[in-house]
J.: 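What follows is a structure written as structure tokens; I'll ask about it next.
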Amino acid sequence: GPVGFDHSGNRIGQCLVLQAQDFHLTGKSRMVQIPLYDTRSQTLTTDGYTKIKWFGNKVPRDSARSSKTQLYLSPGIFVSMATVACVGMALVLVFLIFNLKFKRLRVIKLSSPMMNNFILLGCLLAYMSVILYGLDGQYLTERSFEALCTVRTNGALSLSF
């Protein structure tokens, strides 16, 4: 039939709509011609065509559904990441003590011990933020979770940089 396009690139003319049917009965679907749609007159012609079959014999929803669900971190992942973060914090403390104890040595003085201390404190806060971000609603009450969000956002990770 006649084919044309409007200024937006949309097709003008008749569109034959096909539907895969009878999949659940035979295991193979067959393409069936259902209504003919005319874009000029915006009419749907169903006479002489196969009826539309809906899965479960009911028309599907016409709009998106949204629902809120609370997602929690797996306890195994939290424990493993918190363990790695604690090992990192222990190493940071060892390096910090070493840096403070031997700050008079020439090699340590040349490496800028104050800057090293700031870097180590930033690393300590970054490791703490791993634990703080792992705590979620399954471990805390709603009120303490709100306070923790403030600490996480304004505290550990921001200050570590």
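Everything numeric in this text was worked out from a predicted model, so none of it was measured.
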J.: Could you pull out the closest heavy-atom pair between Thr39 and Gly13, with the gap in Å?
T.: OG1-N, 2.7 Å
J.: Looking at CE of Met89 and CG of Leu96, how far apart are the two atoms once the value is rounded to the nearest 0.5 Å?
T.: 13.5 Å
J.: Please list, chain by chain and in numerical order, all residues satisfying ring pair (Phe, Tyr, Trp, His ring centres under 6.0 Å) with Phe102, sequence neighbours excluded.
T.: Phe98
J.: Examine distances only and state if a side-chain atom of Arg11 and a backbone atom of Gln14 form a donor-acceptor pair shorter than 3.5 Å.
T.: yes
J.: Has Met115 got more than 12 heavy atoms of other residues, nucleotides or ligands less than 6.0 Å from its CE?
T.: no
J.: Does OH in Tyr37 sit with more than 12 non-hydrogen atoms of other residues, nucleotides or ligands closer than 6.0 Å?
T.: yes
J.: With Phe145, which residues qualify under ring pair (Phe, Tyr, Trp, His ring centres under 6.0 Å), at least two apart?
T.: none
J.: Partners of Phe78 by ring pair (Phe, Tyr, Trp, His ring centres under 6.0 Å), sequence neighbours excluded?
T.: Tyr139
J.: What residues form a side-chain hydrogen bond (donor to acceptor under 3.5 Å, both in side chains) with Ser144, not counting sequence neighbours?
T.: Thr141
J.: Find the distance between CG (Leu135) and CG (Leu148) and round it off to the nearest 0.5 Å.
T.: 6.0 Å
J.: Could you pull out all residues at least two apart from Ser112 that satisfy side-chain hydrogen bond (donor to acceptor under 3.5 Å, both in side chains)?
T.: none
J.: Show me the pairs that pass side-chain hydrogen bond (donor to acceptor under 3.5 Å, both in side chains) and involve residues 91-109, at least two apart or across chains.
T.: Asn99-Asn117
